[in-house]
Each structure stands twice: as C-alpha cells, then as structure tokens.
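To start, the structure itself, in structure tokens.
Atoms considered below: every heavy atom in the structure, side chains included; atoms not considered: hydrogens, waters and symmetry mates. Position 1 is the first residue of the sequence; numbering continues from there. Worth saying up front: this structure is predicted, and the values here are computed from it rather than measured.
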Amino acid sequence: DQLYLALRLASVDEYLDRAHALPFVADDLLINFDDGRAAAGFKVLAELGQKTQILFFTHHQHLVDIARATLGKAVNVISLTEDNVASAA
C-alpha cells in the first residue's frame with residue numbers, strides 16, 4: 001500500500017507541475033497503514049496540499065485523530081452524522 005501511494009502521489013505531483021491543479025480525492029487511503037505510517041502519509045498529503053486541495057474521506061475516527069495530531073490546525077474536519085445529513089435534506 002505504501003509503494004502504491006508513493007507512486008500515485010509522485011504521479012500527481014508531476015502532473016501538477018505541468019497542468020492546472022485539480023483536487024486530489026482520497027477515500028480511506030491510509031486504512032491499512034499503522035499509526036506511524038498514517039502520520040507520515042498525512043505529512044506527505046500536507047506537502048501535496050501546498051499545490052492542490054486534498055479531500056480525504058474516512059469513516060475511521062482514529063485516522064481523524066492521527067491527522068489532527070500530526071497536522072494540527074492545518075486539518076479542517078467536517079463530520080457527517082445522521083443528524084447533519086437529515087437536516088441537510
């Protein structure tokens with residue numbers, strides 16, 4: 001998983017050097033990483049976030065906690081609960 005992520009992010013980074021920035025969407029990208037590797041992954045995503053918007057979707061609270069602990073105020077978390085979804089409809 002780490003090799004695939006490294007190749008994917010390198011490809012996106014290279015693309016951003018020659019094209020218009022598009023958001024990078026990650027859906028539970030770090031789910032199979034241990035906590036240390038997840039923290040490192042969030043740091044790499046934050047670096048990429050200097051070039052483009054990163055949208056990271058997860059339903060795993062421990063990944064949200066790791067992102068907050070690793071990146072601090074740079075993380076903007078939007079939590080969708082059943083109450084939030086019902087009130088938006």
With the threshold set at 4.0 Å, does a side-chain nitrogen-carboxylate oxygen contact exist between Asp1 and Arg37?
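Answer for the salt bridge query: no.
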Is it true that Glu47 and Lys51 have a side-chain N and a carboxylate O under 4.0 angstrom from each other?
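Looking at Lys51 together with Glu47, the answer is no, because their closest N to O distance does not fall below 4.0 Å.
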Show the numbers, then the answer: is there a side chain to side chain contact (heavy atoms under 4.5 Å, CB included) between Phe24 and Arg8?
CA-CA 11 Å; Phe24 180 79; Arg8 185 173 172 195; 3.8 Å; yes
Name of the residue among Asp65, Ile66, Leu63 meeting side chain to side chain contact (heavy atoms under 4.5 Å, CB included) with Asp35
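That would be Ile66; it is the only one of Asp65, Ile66, Leu63 passing the side chain to side chain contact (heavy atoms under 4.5 Å, CB included) with Asp35.
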In a check of side chain to side chain contact (heavy atoms under 4.5 Å, CB included) between Leu9 and each of Leu5, Asp13, Leu7, which one passes?
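By the side chain to side chain contact (heavy atoms under 4.5 Å, CB included) criterion, Leu9 pairs with just one of Leu5, Asp13, Leu7: Leu5.
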Rounded to the nearest 0.5 Å, how far apart are [atom1] of [X] and [atom2] of [Y]?
X: Asp28; Y: His59; atom1: CG; atom2: NE2; result: 5.5 Å
X: Leu29; Y: Phe42; atom1: CG; atom2: CZ; result: 8.5 Å
X: Ser79; Y: Gln61; atom1: OG; atom2: CD; result: 7.0 Å

Minimum heavy-atom distance between Ala21 and Thr52, given as atom pair plus value:
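Shortest heavy-atom separation between Ala21 and Thr52 comes out as CB-OG1, 3.9 Å.
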For Leu16 versus Leu22, what's the shortest heavy-atom pair and its separation?
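Of all heavy-atom pairs spanning Leu16 and Leu22, the closest is CD2-N, 4.2 Å.
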Do the side chains of [Y] and [X] get nearer than 4.5 Å, heavy atoms only?
X: Phe56; Y: Val75; answer: no
X: Leu55; Y: Asp27; answer: no
X: Phe33; Y: Gln2; answer: yes
X: Val64; Y: Thr58; answer: yes

Surrounding NE2 of His20 (heavy atoms of other residues, nucleotides or ligands, distance under 6.0 Å), is the total greater than 12?
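Incorrect, the count does not exceed 12.
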With clusters defined by side-chain heavy atoms of hydrophobic residues (ILVMFWY) lying less than 4.5 Å apart, directly or transitively, does Val44 cluster with Leu71?
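Shared cluster, yes.
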